[in-house]
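Positions are given from 1 along the sequence.
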Amino acid sequence: MTWNRMGNRATVSAGIVAMCMAMSSLVAQAAEPKFPKKTGVQTPGVQHDIAELVPSATFEVMGHPDWMAVTDDAVWVTSSSANHVVRLDAKTNQPGAVVTVAKPCAGLAIGFGSLWIPSCGDHTVVRVDSKTGAPQATVAAGPADSEGGIAVGAGSVWIVTSKESDLVRIDPATNAVTAHIRIPAGSFNPIFANGSVWVSSNAGGTLVRVDPATNKVVSETPVGPMPRFLTVGAGSVWVLNQGDGTIARVDAETGKRTALIAAGIPGLGGEIAFGAGAVWATVFDFPITRIDPAGDTVTGQWHGAGGDSIRVGHNAIWLSSYSGAKVWRLPVPAR
């Protein structure tokens with residue numbers, strides 16, 4: 001290398017910058033998990049274009065609408081990039097109250113007259129009135145992962161607050177943390193069912209069961225690669241596995257996996273919900289996948305734009321378009 005001329009110095013500098021960028025790219029690629037291509041299901045007649053479903057209402061939501069929660073008269077939706085949570089009125093189909101939260105993330109939960117909002121910006125859980133959005137409390141229990149979750153059950157609110165995995169129990173009467181429960185590292189998404197707290201271990205490939213009576217882990221069930229999002233229905237906990245796009249069904253009483261359904265929807269992001277007698281999953285490119293719990297089969301799958309969060313309520317499917325800055329209210333598709 002020659003440093004005698006300005007041109008040489010510029011050339012060397014450019015080379016060093018290029019080399020550093022290339023090395024950074026290689027590191028980033030190595031850090032990113034590799035997923036198989038989304039293919040969806042191959043059953044004839046099951047796949048449809050999302051354009052076939054005509055919304056009964058379309059809500060424009062600033063930023064990137066993501067997590068949703070259903071109340072008796074509305075749907076709440078987060079937008080982390082806009083630092084707020086918006087109430088969508090189910091009667092008028094109009095947006096209403098807007099709650100300012102620093103980077104709302106890791107799900108939403110409804111319970112004890114409140115909406116519980118994890119904040120990735122302030123590393124807290126924000127509690128607001130579930131009807132008006134009026135602030136009620138802030139709990140010092142920050143979410144461990146932006147794709148994590150928050151749950152309500154056994155008289156408490158539950159959230160994982162560290163990647164080592166500290167499951168925190170919050171008493172809604174005092175807004176204080178009353179227990180720290182050690183669960184397997186890399187577990188982020190809790191849900192409550194049949195008297196237990198269940199947490200998917202994205203790193204371990206299992207569904208972890210916690211007894212709230214003892215605040216201890218009582219079992220682990222292998223469910224598939226990189227399990228993440230959870231829902232409850234038909235006596236089961238349903239798990240969306242990001243690693244291969246399968247959906248695992250776990251008996252909520254015995255803790256045994258009873259089915260593994262090939263949905264063909266791997267990758268980061270997505271969500272799963274139960275309602276209208278079915279399981280509903282969403283990911284980019286395949287915004288709606290419907291599973292019949294009677295036969296553990298995919299009975300409908302819609303491909304196209306949209307997706308990333310899904311909920312069922314008020315006789316409708318609520319689907320976010322993360323990249324399109326919208327939430328659609330859709331009719332429940334006929335079987």
Open item on the list: side chain to side chain donor-acceptor pair (under 3.5 Å) for N241 and T246? Distances and angles first, verdict last.
Closed with: CA-CA 5 Å; N241 292 318; T246 57; 3.0 Å; yes

Side-chain heavy-atom pair [X], [Y] within 4.5 angstrom cut-off:
X    : Y    : result
T231 : W280 : no
I191 : N189 : no
I291 : V298 : yes
W328 : S321 : yes

Open item on the list: Using a 3.5 Å distance criterion without hydrogens, assess whether the side chain of S119 forms a donor-acceptor pair with backbone atoms of G121.
Closed with: yes

Open item on the list: Regarding S156 and R169, do their side chains bring together a donor and an acceptor under 3.5 Å, going by distance alone?
Closed with: yes

Task: Distance-only side-chain donor-acceptor flag, S309 / E271, under 3.5 Å - done: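 Their side chains do contain a donor-acceptor pair, which is all the 3.5 Å distance test asks for.
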
- [ ] Keeping to residues at least two apart or across chains, list the disulfide bond (SG atoms under 2.5 Å apart) pairs with something in residues 39-98.
- [x] none

Crowding at [atom1], [X] (>12 non-hydrogen neighbours, <6.0 Å):
X    : atom1 : value
K216 : NZ    : no
E60  : CD    : yes
N315 : CG    : no

To check you understand the geometry: which heavy-atom pair defines the closest contact between [X] and [Y], and what is its length?
X    : Y    : answer
P104 : S80  : O-CB, 3.3 Å
S79  : G63  : OG-CA, 3.5 Å
T71  : H314 : O-NE2, 2.9 Å

- [ ] May I have the step-by-step check of side-chain contact (heavy atoms from CB on, under 4.5 Å) for V157 and F112, ending in yes or no?
- [x] CA-CA 9 Å; V157 178; F112 315 106; 4.0 Å; yes

TODO: Just jot down the salt bridge (charged side-chain N to carboxylate O under 4.0 Å, His left out) partners of K131, sequence neighbours excluded, or say none.
DONE: D72, D73

Open item on the list: Hydrophobic clustering (ILVMFWY, side-chain heavy atoms < 4.5 Å, transitive) - are L230 and F274 grouped together?
Closed with: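 Each belongs to a different hydrophobic cluster.
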
- [ ] Apply the test side-chain contact (heavy atoms from CB on, under 4.5 Å) to residues V279 and R290: give CA-CA distance (whole Å), side-chain angles for both, the deciding distance (0.1 Å), then the verdict.
- [x] CA-CA 6 Å; V279 178; R290 180 183 61 207; over 6 Å; no

Open item on the list: Any salt bridge linking R87 with D89? Criterion: basic side-chain nitrogen under 4.0 Å from a carboxylate oxygen.
Closed with: yes

- [ ] For side-chain contact (heavy atoms from CB on, under 4.5 Å), just list the numbers for H303 and D49, CA-CA rounded to whole Å, side-chain angles, deciding distance to a tenth of an Å, and then say yes or no.
- [x] CA-CA 5 Å; H303 56 84; D49 193 314; 4.2 Å; yes

Task: Euclidean distance, F188 CZ relative to I183 CD1, rounded to 0.5 Å - done: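 If we round to the nearest 0.5 Å, I183:CD1 and F188:CZ are 9.0 Å apart.
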
TODO: Could you grab the distance from atom CD of E52 to atom CG of L330, nearest 0.5 Å is fine?
DONE: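 One finds 12.5 Å between CD of E52 and CG of L330.
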
TODO: Go through K103 and N83 one step at a time and tell me if the side-chain contact (heavy atoms from CB on, under 4.5 Å) criterion holds.
DONE: CA-CA 5 Å; K103 297 189 180 303; N83 294 309; 3.6 Å; yes

